[in-house]
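Working notes for the structure below.
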Amino acid sequence: MRRLARMVVAGVATVALAACGSPAADVRPVGSPPAKTYGGAELTQPYTMPDATLTDSTGQKFQLRTGSDKPVVVVFFGYTNCPDICKTTLSDLASALNRVSAETRGKIQVLLITTDPARDTPDVLKAYLARFDPTFIGLTASLDEIKKVAATMGVVIEGTTKTPDGGYEVTHSTQVIGFDAARKGRLVWTQGTAIGTYKDDFDRFAATQR
């Protein structure tokens, strides 16, 4: 995963390049220059959250577009056996949410969509996310379905690489996407975004949503 992560950290333009030529090319983002209002990149061509049904970390069906009643949904693709970036990103999101106002906190739902459904069962996702924030929801489905959902959000899932211990790592892009109440993905944060940037952006973005 480290190789693709290095590609993504360069910014939203790199994300679009990585997914060039995919069937979902018409929803590739066009990022603004460093944001005037937000620390993350504002998309001039927002993503539309797909109408997909996955399984959540309690084993129940979860309709991606309507499953949360929170006006802001923050989506990250990762997996529980990730050795580095996924843990850091989820920890940073949790830390940022611990610093926002109570009003903001009540408006935001974080979703982790696994890129490793073979190992990430609902129980595994639930136990893993409880280490960061018990309100985070993990989602799984078949790998084909997850790849389809990821493509609509500009996320690339390339495949696996064997590790010396006999396991494997999953190569995937690492951006975090912020969706508004209409389930339009309007903000993208890349790997390495500071906790303070997440915090300030969450407060500003949530204030615009009802």
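The shown structure was predicted, so the numbers you read here are calculated from the model rather than taken from an experiment. Only heavy atoms go into these numbers, but all of them, side chains included; no hydrogens, no water, no symmetry mates.
- No donor-acceptor pair closer than 3.5 Å links the side chain of Asp51 to the backbone N or O of Arg65.
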Applying side-chain contact (heavy atoms from CB on, under 4.5 Å) to Val74 and Val176, what does each step give before you reach the verdict?
CA-CA 7 Å; Val74 175; Val176 176; 3.3 Å; yes
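- With sequence neighbours excluded, no residue satisfies salt bridge (charged side-chain N to carboxylate O under 4.0 Å, His left out) with Asp123.
- Heavy atoms of other residues, nucleotides or ligands lying less than 6.0 angstrom from NZ of Lys126 number 12 at most.
- Between atom CD of residue Glu169 and atom OG1 of residue Thr161 there is a gap of 7.0 Å, rounded to the nearest 0.5 Å.
- The structure places OH of Tyr168 at 12.0 Å from NZ of Lys162, a figure rounded to the nearest 0.5 Å.
- A donor-acceptor pair under 3.5 Å links the side-chain atoms of Gln109 to the main chain of Thr135, judged by distance alone.
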Apply side-chain contact (heavy atoms from CB on, under 4.5 Å) to residues Phe205 and Thr104 and explain how you reach the verdict.
CA-CA 9 Å; Phe205 193 46; Thr104 294; over 6 Å; no
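- Counting only heavy atoms from C-beta outward, the side chains of Glu42 and Thr44 never approach each other to under 4.5 Å.
- Counting heavy atoms from C-beta on, the side chains of Phe179 and Met153 come closer than 4.5 Å.
- With rounding to the nearest 0.5 angstrom, the CG atom of Asp120 is 3.5 Å from the OG1 atom of Thr80.
- Closest approach of Ile177 and Gly185 over heavy atoms only: CG2-CA, 4.1 Å.
- Met49 places none of its side-chain heavy atoms less than 4.5 Å from the side chain of Val149.
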Trace of the side-chain contact (heavy atoms from CB on, under 4.5 Å) decision for Ile146 with Ile113:
CA-CA 8 Å; Ile146 289 168; Ile113 302 178; 4.1 Å; yes
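- Atom CG of Leu64 is separated from atom CG of Leu111 by 6.5 Å, given to the nearest 0.5 angstrom.
- Between Leu93 and Phe202, some side-chain heavy-atom pair lies under the 4.5 Å cut-off.
- Although no hydrogens or angles enter the test, the distance criterion places a donor-acceptor pair under 3.5 Å between the side chain of Ser173 and the main chain of Val156.
- Under the rule for a side-chain contact (heavy atoms from CB on, under 4.5 Å), the partners of Leu143 that lie at least two apart in sequence or sit in another chain are Pro117, Lys147.
- Although no hydrogens or angles enter the test, the distance criterion places no donor-acceptor pair under 3.5 Å between the side chain of Ser91 and the main chain of Lys87.
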Taking it one step at a time, do Asp144 and Ser142 satisfy side chain to side chain donor-acceptor pair (under 3.5 Å)?
CA-CA 5 Å; Asp144 284 346; Ser142 70; 5.6 Å; no
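- Not less than 6.0 angstrom separates the ring centroid of Trp189 from the ring centroid of Phe76.
- Taking 4.5 Å as the limit, some side-chain heavy atom of Leu97 sits within range of a side-chain heavy atom of Val110.
- In this structure, the separation between CD1 on Ile85 and OH on Tyr79 is 9.0 Å, given to the nearest 0.5 Å.
- In this structure, Glu145 contributes its side chain and Ala52 its backbone to no donor-acceptor pair below 3.5 Å.
- Rounded to the nearest 0.5 angstrom, Ile137 CD1 and Ser57 OG are separated by 6.5 Å.
- By the side-chain contact (heavy atoms from CB on, under 4.5 Å) test, Ala181 is found to be paired with Pro71, Gln209, residues two or more places apart in sequence or in another chain being considered.
- The side-chain contact (heavy atoms from CB on, under 4.5 Å) check on Thr55 picks up Lys61, Pro122, Thr140, with sequence neighbours excluded.
- Using a 4.5 Å cut-off on side-chain heavy atoms (C-beta onward), Tyr128 and Leu90 make contact.
- Using a distance-only test at 3.5 Å, with no hydrogens or angles considered, no donor-acceptor pair links the side chain of Thr89 to the main chain of Cys86.
- With contacts defined as side-chain heavy-atom distances shorter than 4.5 Å, the pair Val100/Tyr198 does not qualify.
- Pairs of residues two or more places apart, or lying in two chains, that qualify as salt bridge (Lys or Arg N to Asp or Glu O under 4.0 Å) and include a residue from residues 182-199 are Asp180-Arg186, Lys199-Asp203.
- Of the possible donor and acceptor atoms, none in the side chain of Asp92 sits under 3.5 Å from a partner among the backbone N and O of Ile195.
- Residues satisfying the salt bridge (charged side-chain N to carboxylate O under 4.0 Å, His left out) criterion with Asp116, sequence neighbours excluded, are Arg119.
- With Asp201 contributing its side chain and Gly39 its backbone, the two residues share a donor-acceptor pair below 3.5 Å.
- When side chains are defined from C-beta on, Leu129 counts as touching Leu112, because their heavy atoms get closer than 4.5 Å.
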Worked verdict on Gln60 versus Thr58 for side-chain contact (heavy atoms from CB on, under 4.5 Å):
CA-CA 6 Å; Gln60 302 299 308; Thr58 68; 3.3 Å; yes
